[in-house]
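Read the numbers this way: they start at 1 and go in the same order the structure lists the ligands and their atoms.
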Amino acid sequence: MKLIREPDELQALALSFRASGKTIALVPTMGNLHAGHASLMDIARPQADILIVSDFVNPTQFGPNEDFDAYPRTLEADMALAEAHGVDILFAPAASSIYKADASTFVKENSCSQGLCGRSRPVHFQGVCTVVNLLFNLAVPHLAVFGQKDAQQVAVLKRMVRDLHIPVKLLVAPIVRESDGLALSSRNQYLTAEERAAAPQIHVALQALSAAVSAGERVPAKLEKLFKETLSAASDLFEPQYLEFVDRETMAPLEKVVPAGTLVATAVYMKKTRTRLIDNILL
Ligand code: PAF
């Protein structure tokens, strides 16, 4: 596996692979790689000749009061994990080589990105779209793999690829969970032991809601009440930020839950550390 730091070097190499007829898969990450990222690599690996993983904590997708500085950076361990999953190139650039000090061009999606996480993180998806577009220009992939854990990110990026006619195929990988149901996330390591013990209840509450839909409930407000009650009965450490019932493609809110195809997405703060956990379930 080759570690590349410079954008120009990655682009020249990727273009030379393309010129010699090789196919390229890209898995964009912010590093601190775990089994969730490994599952993306395992999906990508058989699909292309060359597998590139980017490992870059992208400053433009963090708001001023968010965890950019605290976000774990673990390049040594990331290299070992990537190598073990058959990655050919790990691209770990410095922020200064990705963004010039006077960079003034950004990519903004204006529909799917507005609700859910976009409401409380106004610059987030513009940062994601910009960096993913930029990574596509550097790695020139035929396909790229993203995780369903970030369901809104998937919808926004699909829209960006469609609207800008970007010649890349997007694959979506299922959520990977701990054995107790907690969705894997680098942010789980911010949790206290008590918060970590409670956190799987987010998935339990989503499942309870899904069971209520199967039993015939269709009214979002009633399902939201059930979700919140399940969380508060389990622990007082939860502070739900949102629970929304949306169309899986457009992220548009649904007035009535459709049993097949509704995405139920949530963000919940854990009160002690103010860690914000997201999860979702597709009905
Ligand atoms: O999902 C992530 O880790 C990031 O948002 C991504 C896609 C790597 C862009 O920085």
Side-chain angles (χ1 to χ4, degrees), residues 4 7 10 25-41 43-44 51-63 66-75 77-78 81-82 85 87 89-99 103 106-109 112-113 116-118 120-139 141 143-161 164 166 168-176 183-190 251 265 267 275-280:
I4 295 185
L10 176 67
L26 173 68
V27 176
T29 81
M30 298 207 300
N32 194 236
L33 303 178
H34 51 60
H37 300 111
S39 77
L40 309 183
M41 296 173 204
I43 288 172
L51 175 55
I52 302 176
V53 171
S54 62
D55 185 317
F56 178 57
V57 185
N58 172 37
T60 63
Q61 70 189 74
F62 289 81
E66 293 180 0
D67 57 341
F68 175 70
D69 291 329
Y71 201 87
R73 285 139 170 106
T74 52
L75 186 60
D78 293 353
L81 184 143
H85 288 268
V87 173
I89 296 172
L90 190 72
F91 176 54
S96 57
S97 66
I98 288 292
Y99 296 110
F106 298 91
V107 180
K108 188 165 190 307
E109 191 285 328
C112 311
S113 61
L116 306 169
C117 293
S120 62
R121 307 187 73 192
V123 298
H124 176 68
F125 289 111
Q126 173 175 309
V128 169
C129 285
T130 302
V131 81
V132 169
N133 203 40
L134 188 156
L135 291 167
F136 285 168
N137 288 334
L138 296 176
L143 68 102
V145 189
F146 296 88
Q148 175 66 14
K149 158 98 189 319
D150 299 304
Q152 188 178 17
Q153 170 169 280
V154 166
V156 170
L157 292 174
K158 278 186 175 167
R159 182 64 65 92
M160 176 184 85
V161 163
L164 300 183
I166 302 176
V168 65
K169 184 174 159 196
L170 300 190
L171 301 184
V172 184
I175 299 178
V176 179
L184 259 54
S185 164
S186 296
R187 291 187 169 105
N188 293 348
Q189 58 200 274
Y190 298 156
M251 300 287 117
T275 302
R276 187 175 170 280
L277 300 177
I278 60 168
D279 202 346
N280 66 78

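Side-chain contact check for Val57 versus Asn32: every heavy-atom pair is 4.5 Å or farther apart.
Atom numbering of ligand 1 starts at 1 in the shown order; those under 4.0 Å from a heavy atom of Asp150 are 1 (O). Listed by atom number, the atoms of ligand 1 under 4.0 Å from Pro28 heavy atoms are 8 (C). Residue Val131 approaches ligand 1 through these ligand atoms, each under 4.0 Å from one of its heavy atoms: 9 (C), 10 (O).
Evaluation of the side-chain contact (heavy atoms from CB on, under 4.5 Å) rule for Leu171 yields Ile43, Gln47, Leu143, Val145, Lys169 as partners, not counting sequence neighbours. Looking at residues two or more places apart in sequence or on another chain, you find a side-chain hydrogen bond (donor to acceptor under 3.5 Å, both in side chains) between Gln61 and Asn58.
Taking the ring centre of Phe56 as origin, the terminal cationic atom of Arg73 falls outside the region bounded by 6.0 Å and 45° from the ring axis.
The protein atom (non-hydrogen) at minimum distance from atom 7 (C) of ligand 1 is Gln153 NE2, 3.5 Å. The single protein non-hydrogen atom nearest to atom 3 (O) of ligand 1 is Met30 CG, 3.6 Å, given as residue, atom name and distance. Counting protein heavy atoms only, atom 9 (C) of ligand 1 is closest to Gln61 OE1, 3.3 Å.
Contacts with ligand 1 closer than 4.0 Å are made by backbone heavy atoms (N, CA, C, O) of Thr29 only, the side chain lying farther away.
The line from OG of Ser113 to NZ of Lys108 is 5.5 Å long, rounded to the nearest 0.5 Å.
Shortest non-hydrogen contact noted between Ala144 and Phe136 is CB-CE2, 3.7 Å.
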